[in-house]
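Below you'll find the structure, written out as structure tokens, and then a few comments.
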2 protein chains.
Amino acid sequence: MSRTAPTAALNEGESDSRKTSQNDRIYEEMLAAILEQRLAPGTKLSEDTLGEIFGVSRTVIRTVLQRLAHEQIVRIQPNRGAFVSEPTPEEAREVLQARRLIEEGIVRKAVRNQTLADIKNLKKSVASERLSLETGDHEAWVRLSGDFHLKLAEIAGNQTLTAFLRELVSRTSLIIVQYQKGTLSPCSCDEHTEIIEAIAAGDEDRAIELMNAHLQACEDQLNLQGSDAKADLYSIFAKPAKLEEKSGSVI
Amino acid sequence: MSRTAPTAALNEGESDSRKTSQNDRIYEEMLAAILEQRLAPGTKLSEDTLGEIFGVSRTVIRTVLQRLAHEQIVRIQPNRGAFVSEPTPEEAREVLQARRLIEEGIVRKAVRNQTLADIKNLKKSVASERLSLETGDHEAWVRLSGDFHLKLAEIAGNQTLTAFLRELVSRTSLIIVQYQKGTLSPCSCDEHTEIIEAIAAGDEDRAIELMNAHLQACEDQLNLQGSDAKADLYSIFAKPAKLEEKSGSVI
DNA sequence: TTTATTATTTTTGTATACAATATTTTTCTA
DNA sequence: TAGAAAAATATTGTATACAAAAATAATAAA
């Protein structure tokens, strides 16, 4: 079976040869499974099991896991295996901060580079987003919501920044899964729409301001008290926190 | 069982086990070889050969090559192998643009987070840099010159941004190798020193301005006409450019 | 001689085998 | 029964074997 319709253009200079796309196929499937919450943070990703599921040897699974690990979606512990990442509150703040910085630059460039077709495309994207929200298709919404930001990056036209943002968007999904307070964002579609309008109007300052507010709103909807659940347990019982695998940076 | 004593601070949650560090060792050596110009852009990186050199099987070499490829230091062509990256002029511009954006944010944070020890540390770093320049130790200079920017990132205190910048710094080295016009930067040490002084003085705007100027100066020293050598050949002979492996993105 | 075609060799992609390490279960002792 | 030590099991890390593809060499035709 030929691979699922080449959804979108392939990022990098990969030819669409059969072998390589097998790698990509498994990568895409695993990434989707994690971002759509079918694989919860902390889940062990056994090489043997995944190999059986996808009908390949551990060799190719390993490659995929390493790729996901490099994007911080998966965490590899030497001799212990791979696990779905459990971003700490600190990491969450870092990712959102990095996004504010990078997306400010992206918006600035997008305002300059935009064409009418781009604006149309963005509007269509937000329309799909709104639809998925109305029909309650959570999985589609997660994907589309991120796609908006990536589309903006493509308009800006710096592939290096786009690649960074792609990683940040994925990590943001994982962060939202782990730290969303109550309900989902009331309707980020409206915020996206406002951003589009500011860009279309060529109002750079306003577009940047809106994007910053949008990302800040996203962060504000998270439940990021100083420490994560495990550390809280220790603080609650007033014992010195043991050094555990779950703890954040070693330093 | 408690794990091996956490020797020193390792970046990520990697234990210091022998096996993993073998991987890291080879990675570091190969990265250094590329950045220090002992491996020129375009060089084929044969798995068998590298395996023999480092006394390991292709398996571990493959892992390292994939890691380098993800950092854009190496380019993997399916069924053809790995090559030292040959960044295009467009990529070069993108990388420098991304750096201006990210390092602006880093400088802003560094101004706020700085301690006296940090400033001392930075000054020491620049002193080493100057020394390497005076003694003509080019390899050391390449490394130290990048270290300055990474130290700044660490002061800023966002590990996610630091990781991005680390990749960008490596890529910049590769870009300089390929596109430096005449002599090396007259003395970027002075520019580094000025940046430190602005940061120490808490003058955010000036520090940002100096950093931007510094990175722009770096870009201006490159020979980045619209197209690379190969494309030039075609334009010179006024023939339609054939699509070659060397061309940039496929899309 | 030059070009096209075929055969050979080399190299990468993937599966499997074995070794090293972690995890679990069992057994033993207090 | 609870806890510790030891054996058994399972999982990862690495090397090797084999298949598929590309690069090279050799041969044949013009």
Side-chain angles (χ1 to χ4, degrees), chain A residues 2-3 10 12-27 29-30 39 42-70 74-85 242-246, chain B residues 1-7 10 12-27 29-30 39 42-70 74-85 243-246:
Chain A
S2 78
R3 87 197 218 64
L10 282 186
E12 306 253 61
E14 307 276 325
S15 78
D16 63 344
S17 93
R18 220 42 51 189
K19 296 295 169 56
T20 310
S21 68
Q22 173 177 257
N23 236 316
D24 290 346
R25 200 195 92 240
I26 296 172
Y27 165 81
E29 280 206 42
M30 289 193 56
L39 283 171
T43 304
K44 171 78 185 284
L45 300 172
S46 155
E47 296 178 0
D48 265 326
T49 308
L50 289 170
E52 280 183 31
I53 288 171
F54 289 107
V56 295
S57 75
R58 290 201 300 127
T59 310
V60 55
I61 295 294
R62 255 167 161 263
T63 303
V64 171
L65 288 174
Q66 278 155 9
R67 187 168 160 192
L68 288 165
H70 199 265
V74 150
R75 178 179 169 82
I76 291 176
Q77 290 183 281
N79 286 320
R80 302 235 9 246
F83 304 81
V84 177
S85 286
K242 248 196 305 191
L243 195 60
E244 291 256 353
E245 61 184 49
K246 227 176 195 172
Chain B
M1 207 20 160
S2 76
R3 297 162 79 53
T4 51
T7 349
L10 283 187
E12 306 254 63
E14 309 274 326
S15 79
D16 62 345
S17 92
R18 218 41 46 193
K19 297 294 171 55
T20 309
S21 68
Q22 171 178 260
N23 236 316
D24 290 347
R25 201 194 91 241
I26 296 173
Y27 165 81
E29 282 207 42
M30 286 191 58
L39 283 171
T43 305
K44 171 79 184 282
L45 300 171
S46 152
E47 297 177 0
D48 264 325
T49 309
L50 289 169
E52 278 183 34
I53 289 170
F54 289 107
V56 295
S57 73
R58 289 200 298 130
T59 310
V60 55
I61 296 294
R62 253 166 164 263
T63 302
V64 171
L65 288 175
Q66 278 154 10
R67 189 169 161 191
L68 288 165
H70 199 267
V74 151
R75 178 180 170 82
I76 291 177
Q77 291 183 281
N79 286 319
R80 302 234 12 240
F83 305 80
V84 178
S85 287
L243 196 60
E244 290 256 355
E245 64 185 46
K246 233 181 192 165

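To find a chain, count down the sequence lines: A is the first, B the second, and so on, and within it residues start at 1.
- Nucleotide D:dT12 holds its C1' atom 12 Å from the CD atom of A:Gln66, rounded to whole Å.
- Whole-Å rounding puts the A:Ile61 CD1 to D:dT14 C1' distance at 18 Å.
- For B:Thr59, counting side-chain heavy atoms from C-beta on, the closest listed nucleotide (D:dA21, D:dT14, C:dT11) is D:dT14.
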Assess whether side-chain contact (heavy atoms from CB on, under 4.5 Å) is satisfied between A:Arg25 and A:Gln22, documenting all intermediate values.
CA-CA 5 Å; A:Arg25 200 195 92 240; A:Gln22 173 177 257; 4.1 Å; yes

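- In this structure, CG of A:Asp24 is placed 11 Å from P of C:dT14, rounded to the nearest angstrom.
- Partners of B:Thr59 under the side chain to side chain donor-acceptor pair (under 3.5 Å) rule, at least two apart in sequence or in another chain, are B:Ser57.
- Of the two residues contacting DNA chain C, namely B:Ser46 and A:Val60, the nearest-nucleotide position lying further toward the 5' end is that of B:Ser46.
- Going from atom CZ of B:Phe83 over to atom C1' of C:dT11 covers 11 Å, rounded to whole Å.
- Of the candidates C:dT11, D:dA22, D:dT12, the closest approach to any side-chain atom of A:Lys44 belongs to D:dT12.
- We find that CG of B:Asn79 is positioned 7 Å from P of D:dA21, with the value rounded to whole Å.
- Of the residues in residues 47-58 of chain B, B:Val56, B:Ser57, B:Arg58 come within less than 4.0 Å of DNA chain D through at least one heavy atom, sorted by number.
- No side-chain heavy atom of A:Tyr27 sits under 4.5 Å from any side-chain heavy atom of A:Asn23.
- You'll find that the side chain of B:Arg80 is closest to D:dA22, out of D:dT12, D:dA22, C:dT12.
- Listed by first and then second residue, the salt bridge (charged side-chain N to carboxylate O under 4.0 Å, His left out) pairs that reach into residues 45-59 of chain B are B:Glu47-B:Arg58, B:Glu47-B:Arg62, sequence neighbours excluded.
- Closest contact between the side chain of A:Gln22 and the listed nucleotides C:dT14, C:dT12, C:dA22 involves C:dT14.
- When side chains are defined from C-beta on, A:Val84 does not count as touching A:Met30, because their heavy atoms never get closer than 4.5 Å.
- Rounded to an integer number of Å, the gap from B:Leu65 CG to C:dT11 P is 14 Å.
- Legend: residues meeting side-chain contact (heavy atoms from CB on, under 4.5 Å) with B:Ala82, ordered by chain and number and at least two apart, are B:Leu45, B:Leu65, B:Val74, B:Ile76.
- Nearest heavy-atom pair across A:Arg75 and A:Ser85 is N-OG, 3.7 Å.
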